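Heads up, the thing below is written out as structure tokens.
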Amino acid sequence: MNTDKKEYGISVIMPCYNTEQYVEETLKSVLNQSFKDYEIICLNDGSTDGTLEILKRYQQSYPNIRVISSENHGSAYQRNTGVQCAQGKYIYYMDSDDLLKENCLETLYQYAEADNLDVVYFEADSFYETKEIEEAFPQFLTLYHRHKEYDGIYDGRNLYIQMENAGDIKMSVGLQFTRRQFLQDNNIKFGTERYFEDNLYTVKVTLKAGKARCVRDNLYLRRVRANSIMTTSENKTRFESYLEVVRGLMQILEEEKQDFVLQEAIYKRIRGTFINVYKDYLKVPEKEKEEFFGEKGSPLYLLTGMASFMNIEEVGRKKVSEKLKKTYAEKSEINAKLQRTYAEKSEINAKLKKAYEEKTERGEKLKKLRKHLKDTKAELEEKSKRLEQLEQEKKQLEKHFLGRFVLEKYNK
């Protein structure tokens, strides 16, 4: 083991269990990072294939690689061990069969340093080992993409509520970049679950984070392969892990009595966990159920019973949701018709208003014409009277003129 006490920017913690086919490619993707100030802590989890030999070979060639080997305890145990040994400012958990994009660590480090963040959440692209697996598990293609954007810096509680309500919580710790001192100050560790160990850990980290950010960068490459934890549905240990997750979430629910909005978000997580329990329960053969879940009253028996109840509730909720959705659609259609009717009514009113205005305008013109006609008639009558008067005056003048003419002729 390398006992050098050098401080690093990042500690990449990588539990390894029987991944001799993939671990070398994984190591190369980390070693090819554009960011160079990091260590890789490889935790061999009791591998029975050639994984440990590959790890040791790389340790001899690279001084920033440390290999710690132990019996098989599971990823949660190994990650806790890795954090205890880490010498980096930030912790990044890596699965030993996945890959990193070349700029992954540099990008995350820059985000965290720029705003002194406790945790950075990001996204991943999935790739399939075979076409058959892709056809069997198509959901993984977009599983690590979020629906919404979360711009800016959040306190963890607010970010958790928003992401949970939007269905955007991604439980994979491979999509988290965390400040080591933050984990130590809050004593955040993985539990004893052999499965789903990311779930409670992610909830605790998010709720405790003072400054968190969620970015849309796809920096991780998630391998979907046969016989991985993601694609197998194992036995009793799986349900015992579910039980631990539910217990942990219930404890958080109890601790958050004063925050009703957060309680609702946590309850949504609990309900979702129970639905997953029920889906896995249906896959267990009937003849094995008694062996798995024990007698009535046992914790696992009660877990599956509650899961069944939650599933019934979920089915009912979906039916109500569908009815509401249909009702809202019908309401929207009626509103659209009303809007069209209002638009037509407005158009008719506009035409009536225009016609009224035109009628009013014509009325004003007619009124003016009548007045002008009246004035013209009055003026004509006045002129006619004046003409008669002038005619009378003319006649008088003519008489006067003729009289004077005759008189003058007689006097001569």
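Bear in mind that the values here come from a model prediction, so they are computed numbers and not experimental data.
Inter-residue side-chain proximity for E134 and K131 is flagged as met; some heavy-atom pair is nearer than 4.5 Å. Contact check for Y62 versus L27: no side-chain heavy atoms found under the 4.5 Å cut-off. V83 is not listed as a side-chain neighbour of I41, based on a closest heavy-atom distance of 4.5 Å or more. The shortest distance between side-chain heavy atoms of D217 and Y111 falls below 4.5 Å.
Remark: side-chain polar atoms of R216 are not paired, donor with acceptor, to backbone N or O of H145 under 3.5 angstrom. Not a single donor-acceptor pair under 3.5 Å links the side chain of E39 to the backbone N or O of Y8. Side chain of N72 to main chain of D45: a donor-acceptor pair is present (N/O by atom type, distance under 3.5 Å, no hydrogens or angles). Distance alone, capped at 3.5 Å, places no donor-acceptor pair between the Y154 side chain and the C214 backbone. D95 places no side-chain N or O within donor-acceptor distance of the main-chain N or O of D97, the cut-off being under 3.5 Å. Side-chain N or O atoms of R238 include none that pairs as donor or acceptor with a backbone N or O of R194 at under 3.5 Å. Counting only distance, with no hydrogens or angles, the side chain of S11 and the backbone of A86 share no donor-acceptor pair below 3.5 Å.
Taking the six-membered ring where the residue is Trp, F196 and Y242 present parallel rings, their angle staying beneath 30° rather than reaching 60°. The aromatic rings of F177 and Y92 are tilted relative to each other, their planes meeting at an angle between 30° and 60°. In this pair, Y109 and F35 present their aromatic rings tilted. The plane angle is within the 30 to 60° band.
Contact between R79 and E197 at its shortest, heavy atoms only, is NH1-OE2, 3.4 Å. The two residues Y144 and L175 make their nearest non-hydrogen contact at CD2-CD1, 3.7 Å. T19 and R225 get closest at one heavy-atom pair: CG2-NH2, 3.9 Å.
Rounding to the nearest 0.5 Å gives a distance of 8.5 Å between CD of Q87 and SG of C85. Interatomic distance, R223 CZ to E129 CD, rounded to the nearest 0.5 Å: 6.5 Å. Here the CG atom belonging to D168 is positioned 7.5 Å from the NZ atom belonging to K148, to the nearest 0.5 angstrom. Atom OH of Y77 sits about 9.0 Å away from atom CD of E71, to the nearest 0.5 Å.
Taking 4.0 Å as the cut-off between side-chain N and carboxylate O, R222 and D98 count as a salt-bridged pair. Of the charged side-chain nitrogens involved, none lies within less than 4.0 Å of a carboxylate oxygen, so that K89 and E7 do not count as a salt-bridged pair.
If you check the side chains of T206 and Y121, you find a donor sitting under 3.5 Å from an acceptor. Checked by atom type, the side-chain pair Q251/E255 shows a donor-acceptor distance below 3.5 Å.
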Determine, stepwise, if the pair I40 / Y58 fulfils side-chain contact (heavy atoms from CB on, under 4.5 Å). CA-CA 11 Å; I40 308 174; Y58 270 84; over 6 Å; no

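Residues meeting the salt bridge (charged side-chain N to carboxylate O under 4.0 Å, His left out) test with E164, sequence neighbours left out: R269.
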